[in-house]
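The structure appears below as structure tokens.
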Protein chains: 2
Amino acid sequence: MTPHTASQRREQAGMAYDAYLATCPTRQLLDRISDKWVSLLLNALADGPQRYSGLSRKIAGVSQKMLTQTLRALERDGLVCRSVTPSVPVRVDYALTPLGGSLLPVMRAIKDWAEMHIEQVAAARDAYDSRSLGQASLPDNG
Amino acid sequence: MTPHTASQRREQAGMAYDAYLATCPTRQLLDRISDKWVSLLLNALADGPQRYSGLSRKIAGVSQKMLTQTLRALERDGLVCRSVTPSVPVRVDYALTPLGGSLLPVMRAIKDWAEMHIEQVAAARDAYDSRSLGQASLPDNG
DNA sequence: CCGCATCCCACACGATACTG
DNA sequence: CAGTATCGTGTGGGATGCGG
């Protein structure tokens, strides 16, 4: 019963939701939206509704299973809206809901950050890997 | 050779990085930062350097394995800095690098969004699940 | 053809035990 | 305190098969 962490104390103090708590539903939501397919998917829907096959083309390398699975999860969470047009063949469109739209700026920011800083990260990886190699036998004179 | 998607055409047009392309290094970076532990970890380091055990306490429910693994990956990518103080017992501090700091606003935005919209998402889930149940036998009067 | 469900395998994750 | 090593399991993800 005794609170061990600041987070737990904060919860008892009355703060509604805190993603630092393992039991908080926010944690599950954070887990869901912290997903590479989610970020790509929401970004892909930024310009307007898209068909299933259109999304599949736009997001290169996504399997049908993951696309369907991710879309279902986002639909259940109220972030995207699925509309079926009973034509032949059937046409399925996906669009952002207002709730999904409110997340879009964040998802866009993530994707933009990745594209803008990939070179710095690549450089950091090179440096780290070189350092690790040198560390193995201490060729640094000694 | 013919470009199939807008993304592929964009690449040939000269745009350097595009996360929509499966082969683009940005995709891997996006995958790495789109991780629940990464978002919690960077947020946890927002207020300043933290010790390993401090992070372990603050981020409830994270296993040692995932904590170490995530920290190592972030260190390699140049987002966090690991500093060892050779005392007894040894003391290890983790801090955000400037590069990691540039990602912090985004990570904070994600966590904040999750905490702010969890109730709407929960409501959407309820609605979706009820609809799914109703769909089974159509108890909607008929 | 388009959209989606199932099978199967490899990998990632989490729990535990152990080291310096 | 700050990790590393190992094992069992859950999940991601490709290939395949089905309904409309």
Side-chain angles (χ1 to χ4, degrees), chain A residues 4-5 20-23 27-28 30-41 44-45 49-76 80-95 128 132 135-136, chain B residues 4-5 22-23 27-28 30-41 44-45 49-77 80-95 128 131-132 135-136:
Chain A
H4 301 112
T5 71
Y20 287 131
L21 299 173
T23 56
R27 176 70 70 89
Q28 289 148 28
L30 191 64
D31 193 16
R32 191 149 291 296
I33 64 180
S34 296
D35 179 86
K36 71 172 166 179
W37 299 128
V38 169
S39 58
L40 287 172
L41 207 38
L45 290 173
Q50 295 268 339
R51 299 189 55 177
Y52 181 92
S53 51
L55 292 171
S56 186
R57 268 187 300 273
K58 184 159 190 172
I59 305 173
V62 66
S63 67
Q64 290 186 333
K65 177 182 174 180
M66 286 317 294
L67 185 54
T68 299
Q69 188 172 306
T70 306
L71 283 167
R72 283 277 194 279
L74 292 179
E75 186 196 2
R76 190 171 103 100
V80 305
C81 173
R82 177 175 181 269
S83 54
V84 181
T85 306
S87 55
V88 178
V90 85
R91 173 195 175 106
V92 182
D93 283 275
Y94 292 92
Y128 184 92
S132 298
Q135 202 178 27
Chain B
H4 302 110
T5 70
T23 56
R27 175 70 70 87
Q28 287 148 28
L30 191 64
D31 193 16
R32 189 148 293 298
I33 64 180
S34 295
D35 179 86
K36 72 172 166 180
W37 297 129
V38 169
S39 59
L40 288 171
L41 208 36
L45 291 172
Q50 295 269 337
R51 302 186 56 174
Y52 181 91
S53 52
L55 291 170
S56 185
R57 269 187 300 274
K58 185 159 189 171
I59 305 173
V62 66
S63 66
Q64 289 185 333
K65 177 180 176 180
M66 287 317 295
L67 184 54
T68 300
Q69 187 173 305
T70 306
L71 283 167
R72 285 280 193 281
L74 292 178
E75 187 196 2
R76 190 170 103 100
D77 287 353
V80 306
C81 171
R82 177 174 181 270
S83 55
V84 181
T85 306
S87 54
V88 178
V90 82
R91 174 197 174 106
V92 181
D93 283 275
Y94 291 91
Y128 183 91
R131 224 174 299 139
S132 297
Q135 206 176 26

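Order of the sequence lines fixes the chain letters, A, B, ..., with proteins taken first and strands second; residue numbering starts at 1 for each chain. Values below: all heavy atoms of this structure, side chains included; hydrogens, waters and symmetry mates excluded.
Of all heavy-atom pairs spanning A/I59 and A/W37, the tightest one is CG2-CZ3, 3.8 Å.
Of the two residues near DNA chain D, A/G61 and B/Q64, the one whose nearest nucleotide lies more 5' is B/Q64.
Here the C1' atom of nucleotide D/dC1 and the CG atom of B/D93 are 12 Å apart, to the nearest Å. Straight-line distance from the CE atom of B/M66 to the C1' atom of D/dA2: 17 Å, rounded to whole Å. A straight line from CD of B/Q50 to C1' of D/dA2 spans 15 Å, rounded to a whole angstrom. Atoms CZ (B/R72) and C1' (D/dA5) sit 14 Å apart, rounded to a whole Å. Rounded to an integer number of Å, the gap from B/I59 CD1 to C/dG14 C1' is 16 Å. In this structure, the CH2 atom of A/W37 is 12 Å from the C1' atom of D/dG14, given to the nearest Å. For the pair A/L67 CG and C/dG3 C1', the computed distance is 10 Å after rounding to whole Å.
Of all nucleotides listed (D/dT4, C/dC13, C/dC4), D/dT4 comes nearest to the side chain of B/T68. Of the candidate nucleotides D/dA2, C/dG3, C/dG14, D/dA2 has the atom lying nearest to any side-chain atom of B/R91. Considering only the side chain of B/V92, D/dG3 comes nearest among D/dG3, C/dG3, C/dC4.
Here A/S53 reaches the OP1 or OP2 of C/dG3: one of its side-chain N or O atoms lies under 4.0 Å away. Phosphate contact (OP1/OP2 of D/dG13, side-chain N/O of A/K36, threshold under 4.0 Å): present. For D/dG14, the OP1/OP2 oxygens have a side-chain nitrogen or oxygen of A/S63 closer than 4.0 Å. OP1 or OP2 of C/dC1 has not a single side-chain nitrogen or oxygen of A/Y52 nearer than 4.0 Å.
Among the heavy atoms of the strands lying under 4.0 Å from B/Q69 are primed sugar atoms or P, OP1, OP2 only; no base atom is included. Backbone-only contact: B/R51 has heavy atoms under 4.0 Å from sugar-phosphate atoms and none from a base.
B/T68 is listed as a side-chain neighbour of B/Y52, based on a closest heavy-atom distance under 4.5 Å.
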